[in-house]
Amino acid sequence: MEIPKTYDPKITEDKWYAHWLKHKFFKSTPDEREPYTIVIPPPNVTGVLHMGHMLNNTIQDVLIRRARMQGKNACWVPGTDHASIATEAKVVALLAEKGIKKTDLSREDFLKHAWEWKEKYGGIILKQLEKLGASCDWDRTRFTMENDLSEAVIDVFIDLYNKGHIYRGVRMVNWDPQGLTAVSDEEVIHKEVNSKLYYVKYKIEGSDEWITIATTRPETILGDTAVCVHPDDERYKHLNGKRVIIPMVNRSVPIIFDTYIDLEFGTGALKVTPAHDINDYNLGVKHKLEVIDTIAADGKMSAAAQFYIGEDRFAVRKKIAKDLEEMGQIVKIEDIKNKVGYSERTNAVIEPKLSMQWFLKMDQISKPALDNVLNGEIKLIPEKFVNTYKHWMENVHDWCISRQLWWGQQIPAWYDSKGNTVVAKTIDEAIEKFKSQKLEVKKEDIKQDEDVLDTWFSSWLWPISVFDGFKNPDGKDIKYYYPTNDLVTAPEILFFWVARMIIAGYEYQGKKPFTNVYLTGIVRDKQGRKMSKSLGNSPDPIELIEKYGADGVRVGMLLCSPAGNDLPFDDSMCEQGRNFSNKVWNAFRLINGFEVSSDIKQNDANKIAIEWFDAKFNEQVEIINDLYSKYRMSEALMTTYKLVWDDFCAWYLEMIKPEFVDGKSLPIDKATYDATLVFLEKVLKVLHPFMPFITEEIWHLIADRSEKDCIIVAEWPKTKNETADIIKHFDVVMEVITNIRNIRKQKNISPKEKLQVFEKVNQGEVIKTYDSLIIKLCNLSSFEYVTAKVDGAFSFVLKHAEYYVPLSQNIDVAAEKERLAKDLDYNKGFLKSVQTKLANEKFVANAKPEMVENEKKKMADAESKIKAIEEQLAGLN
RNA sequence: GGGAGCUUAGCUCAGCUGGUUCAGAGCACCUGCCUUACAAGCAGGGGGUCACAGGUUCGAACCCUGUAGCUCCCA
């Protein structure tokens, strides 16, 4: 069979993915093995795969695949999130295209459209994950709004309400005037923008005096109910007890005094609009100010504003500035930068707004979640996030959990015609509750709360609800898989989601939901910008996979993404991954092309090579295992990469590769061939979590295997905890080889020309074991030992010996002298530094004894090397 | 404004409890090779005042203090 020179992922990826599915290798059911569980951070149903998902899910897949090979019962649960705001916005937009307004539809009809949308588009992202090679147990796919999960959400709401953790009240919330809903603090993104600071003068009532305030939001002037100054501010002390007239609306409001005021900002006088700013609101509560809500839910001026009614707040900002200017009440306008809150979902400017909402009290319920991260029961990786987490948890605010949307779990609160409230699962239960409170109600008078719950109020239950922990608390699944092992997610949702899952975990299972939280970085573009749809700077992952292969993309991404570090993405990273795939492919091609002969006896070089790689492999896999245990994924990959490329391909295969004679490759002995195949299998196994497809392909090409004998379920190589001497010896051998190659290169000698090399051992015993390898890898005609130096030869000196390479060309004595002199200088400098150290009484007295011993050894080595160089120099004269 | 963290080669990052002339890896770059596994390759090579300034120590990339720049979180 002709095997192509380059690896083609297209012919392997779909084939093996289908094969894995067919044999149910991703499937997990509880058994007696140790479980290893990951629940996917459920992507939004609205989502299409972006680079963040790629990184995230590649890491999860690597962890899951390795655990599977280690013989654990690996279970990766996939699913999607209903994403209230985002999905509702999509559906509204889609309906708008058809000329349908949401307000024209009943709730039921709207939800019908939404479900249709979900069925049609909701699964795209999971399909895309298959291309990446994600080995999720697809039979376990869940959706945060399917019946069982929704029921859990409702039950939890009722339970928390009954425990007194949930309350309803009027609070200032972050209002999204586009999504027409409240959003939580965490869903507000603060951005620095260029704004104008308007200095507006207000007339002091009953006087000719004016007071100038500074504001970035003049449109809220119409809702002002006070002007506030600092009690220590000399400029305004005389205004105590005075009132000012709000322009246009001509309302008389008090001047109040509060230390909250920043004396430096603007004029030191602040207009107070309790309805439209959280700080003003707090001032208002403190000073018992009137609240005038001048901006309606849609961001337009309300009737209470009296002017500009029905016009958008930003249009009004310009208009009122102009009108005030004409009235002569604008003192000046300055350009400033300030921070403005934007809705994470719709990107609309958030309007602080007073409204009736449901809240979850966080202070008590979050306690175990804080403690168990601080005490290490749950680990955040990298650790630096513990500080951030602590800070947030210690200053946590009550969570606004109601959203003015239809897509989501409707709040199970019921109101009678008089405004009495009960919380119950069904209307019938609600009637019972009203009755038990001695309230006579008729079914038709009872109305359910219109709002739905925040999406995170459902996804915080995810690690429990995907295993039916609410529906079936004693079920096999929840008992077996919970707590899960690792959670892989982005640091931006540490509070949105991770912290809240931990809270829910302790509240409803009395146990942590997971042990390790691996926080990935954010994928950015080359200019450091976050990848986003609006910027159009995110490459299409599917196109990348087409171009570089899934394995190449996986490797490319992981190579440069340590935990918690942002990843500046560039296509060339995938190129490195693709090149690596090809390297692996060609290692296979070489081995596959060997002609094997049982008649040939294994030579010493091969024997030694095998012994060495066996030790090297063992050593490196130990390191790789250790890196995995510390979740240092990119380092585990880099170590694997070097094990394959450098140790296996560049060294081992070159050592055992049969010689090429008379236009024909010689055969390889059977023993060496067999050992090499075993090594290849082992190497493929270690590679498999990172490169699932190519490893599976080669696994099947190198042997006749049964359908079920797949690398995906092969056993992770076992290691011994020992370092063989052979590795140390080899380091010296490699140095010798590099030096000889160097001379060849410098003297411009063809690699085909055979050279002679002589070794003069100065120190330690003569080890001839590796000679045959040196001869082979350097293409030598002979490698011999001498006791005296060889005249007229090129040479180099290592720690223990001198090496001579006689060449037909004449030695450039001057150049050679210069080179040696340089070498001598270096070694003398080294010796001096060691001697100085040893001469330092304080060093000898204070340093650890082995440190001193080591220095002495260094001194001896340096001295012998210097002697050797000096002899050579003398020989050149 | 409050808090956390970062700054090591052109880029992305290692560098564990200070200790080898400790300054390292991969990529990129330069030079020479189309050597029948791989040019998506091979063999070599050049790159760094470890942000800056002090201090502690026999010894500092590592510990301490200050300065500058960047990032994130909270308000």
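Throughout, protein chains are lettered first and strands after them, A, B, ... in sequence-line order, and every chain is numbered starting at 1.
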Which residues pass the side-chain contact (heavy atoms from CB on, under 4.5 Å) test with A:K616, not counting sequence neighbours? A:W612, A:E619, A:Q620, A:D647, A:I727
Any chance you could encode RNA chain B as dot-bracket? Rule is Watson-Crick or G-U wobble with both distances under 3.5 Å; [ ] for pairs crossing earlier ones, | for another strand. (((((((..((((.....[....)))).(((((.......))))).....(((((..]....)))))))))))).
Output all residues satisfying salt bridge (charged side-chain N to carboxylate O under 4.0 Å, His left out) with A:D626, sequence neighbours left out; order by chain, then residue number. A:K630
Would you mind reading off the distance between A:L643 atom CG and B:A25 atom C1', rounded to a whole angstrom? 15 Å
Quick one: side chain to side chain donor-acceptor pair (under 3.5 Å) partners of A:T58, sequence neighbours excluded? none
Suppose we screen for side-chain contact (heavy atoms from CB on, under 4.5 Å). Which residues come up paired with A:I775, at least two apart in sequence or across chains? A:L780, A:F783
With sequence neighbours excluded, tell me which residues meet side chain to side chain donor-acceptor pair (under 3.5 Å) with A:E622. A:T719
Please list, chain by chain and in numerical order, all residues satisfying salt bridge (charged side-chain N to carboxylate O under 4.0 Å, His left out) with A:E351, sequence neighbours excluded. A:R217, A:R313
Separation of atom CG in A:L519 from atom C1' in B:C72, rounded to whole Å: 13 Å
For nucleotides 1-8 of chain B, list the nitrogen or oxygen atoms of the protein found under 3.5 Å from its nitrogen or oxygen atoms, one pair per line.
residue: B:A4; atom: O3'; partner: A:N387; partner atom: ND2; Å: 3.3

For A:K583, what residues pass the salt bridge (charged side-chain N to carboxylate O under 4.0 Å, His left out) criterion, not counting sequence neighbours? none
Go through the structure and list residues passing salt bridge (charged side-chain N to carboxylate O under 4.0 Å, His left out) with A:D674, not counting sequence neighbours. A:K670
Using a 4.0 Å heavy-atom cut-off, write out nucleotides 26-38 of chain B from 5' to 3' as B (base contacted by protein), S (sugar-phosphate only) or - (no contact). SS---BB---BBB
Cut-off 3.5 Å, side chains only: do A:Y548 and A:S581 have a donor facing an acceptor? no
For A:M734 and B:A43, give me the distance from atom CE to atom C1', rounded to whole Å. 15 Å
Expressed in whole Å, how much space separates the P atoms belonging to B:A61 and B:G55? 15 Å
Going 5' to 3' through nucleotides 57-64 of chain B, assign each nucleotide B (protein heavy atom under 4.0 Å from a base atom), S (under 4.0 Å only from sugar-phosphate atoms) or - (no protein heavy atom that close). -B------
Could you say whether A:N739 or A:I278 is positioned toward the 5' end of RNA chain B, judged by the nucleotide with the nearest heavy atom to each? A:N739
Span that lies between the P atom of B:U8 and that of B:C70, in whole angstrom: 15 Å
In terms of relative ring orientation, are A:Y673 and A:F594 parallel, tilted or perpendicular, with 30° and 60° separating the classes? perpendicular
Could you state the atom-to-atom distance from OH of A:Y7 to P of B:G41 in whole Å? 16 Å
